[in-house]
Amino acid sequence: MTDTALATLYERRVRDWARRARDDVRLADADVSVTRTSPICGSRLTLDLRCENGRIVALGHRARACTLGMAATAIVAAGAIGETLTDVLVAGEALAQLLDGEEAGVPEGWRELEIFAAARAFPTRRGSILLPFDALAEARVLLTR
């Protein structure tokens, strides 16, 4: 791990997105709330969702995570409104492929996820970056019960 690799991993855009998630915004009237913890680093995230007609109309969160987890949470919070859970999870799958070093076709509205490309060199960071998508996958299961 070099200083240059770390600087690339925590570039300005990642830090800027992370700052956006620092103020918790919980939903009192959520349809579902899910808490997930990354087993490797201990990052913890609670997501609250409200959906109407199959689309996310409100998303709240409480994040106690590393910079990468906070940045991913902020990107999801900004991009998920108006989307279906399935569409957001497709973006999450593309991110997982990107982190695995595969050619990922990140959906058009989710291009900001490409800021995590440098995390390929840091596989232990994968769990915290994917944390909001893991929470959304669990939420989808709970909503379909």
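Nothing fancy with the numbering, it's 1 onward along the sequence. Note that these values count all heavy atoms, side chains included, but never hydrogens, waters or copies made by symmetry.
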My understanding is that only residues two or more places apart in sequence, or in another chain, count here; which of them pass side chain to side chain donor-acceptor pair (under 3.5 Å) with Thr46?
Thr35
With rounding to the nearest 0.5 Å, note down the distance linking CG in Leu136 to OG1 in Thr86.
11.0 Å
Of all heavy-atom pairs between Ala135 and Leu47, which one has the smallest distance, and what is that distance?
CB-CD1, 3.8 Å
Stepwise salt bridge (Lys or Arg N to Asp or Glu O under 4.0 Å) test for Arg19 and Asp16:
CA-CA 5 Å; Arg19 275 193 280 287; Asp16 288 347; 2.4 Å; yes
Donor-acceptor pair, side chain of Arg55 and main chain of Gly82, under 3.5 angstrom
yes
Atom of Ser38, atom of Ser128 and distance for their closest heavy-atom approach:
OG-N, 3.8 Å
Taking atom OG of Ser33 and atom CG of Leu27, what is their separation to the nearest 0.5 Å?
7.5 Å
So which atom in Leu59 and which in Ala80 form the shortest heavy-atom distance, rounded to 0.1 Å?
CD1-CB, 4.0 Å
Please find the pair of heavy atoms, one from Val76 and one from Trp110, that lie closest to each other, and give the distance.
CA-CZ3, 3.9 Å
State plainly whether one hydrophobic cluster holds both Leu131 and Leu142, where clusters connect Ile, Leu, Val, Met, Phe, Trp and Tyr through side-chain heavy atoms under 4.5 angstrom apart.
yes
Heavy-atom pair with the smallest gap, counting every atom of Ala72 and Phe116:
N-CZ, 3.6 Å
Going hydrophobic residue to hydrophobic residue with side-chain gaps under 4.5 angstrom, can you get from Phe122 over to Leu113?
yes
With sequence neighbours left out, the residues meeting side chain to side chain donor-acceptor pair (under 3.5 Å) with Arg111 are Glu108
For the atom pair CG (Leu9) and CZ (Arg125), what is the distance rounded to the nearest 0.5 Å?
6.5 Å
Results of side chain to side chain donor-acceptor pair (under 3.5 Å) for Trp17 - residues two or more places apart only:
Glu112
Distance-only check: which donor-acceptor pairs under 3.5 Å involve side-chain atoms of residues 93-106, not counting sequence neighbours?
{"from": "Asp100", "atom 1": "OD1", "to": "Arg126", "atom 2": "NE", "distance (Å)": "2.9"}
{"from": "Asp100", "atom 1": "OD1", "to": "Arg126", "atom 2": "NH2", "distance (Å)": "3.3"}
{"from": "Asp100", "atom 1": "OD2", "to": "Arg126", "atom 2": "NH2", "distance (Å)": "3.1"}

So the side-chain hydrogen bond (donor to acceptor under 3.5 Å, both in side chains) pairs with at least one residue in residues 63-74 (sequence neighbours excluded) are Asp24-Arg64
Between the CD1 atom in Ile56 and the CG atom in Leu85, the distance rounded to the nearest 0.5 Å is 4.5 Å
For Arg120, does the CZ atom sit with more than 12 other heavy atoms under 6.0 Å from it, leaving out its own atoms?
yes
Among Leu130, Ile129, Ile115, whose side chain to side chain contact (heavy atoms under 4.5 Å, CB included) with Leu68 holds?
Ile129
Flag side-chain contact, heavy atom, 4.5 Å: Cys51 against Leu143
yes
Residues in side chain to side chain donor-acceptor pair (under 3.5 Å) contact with Glu52, at least two apart in sequence or another chain:
none
Same cluster (ILVMFWY, side-chain, under 4.5 Å), Val34 and Val25
no
Count the heavy atoms belonging to other residues, nucleotides or ligands that lie under 6.0 Å from CG of Asp29, then report whether that count exceeds 12.
yes
Closest heavy-atom contact between Glu83 and Asp87?
OE1-CB, 3.6 Å
Leu45 CG to Met70 CE distance, which is reported to the nearest 0.5 Å:
9.0 Å
To the nearest 0.5 Å, what is the distance between NE2 (His61) and CG (Leu49)?
12.5 Å
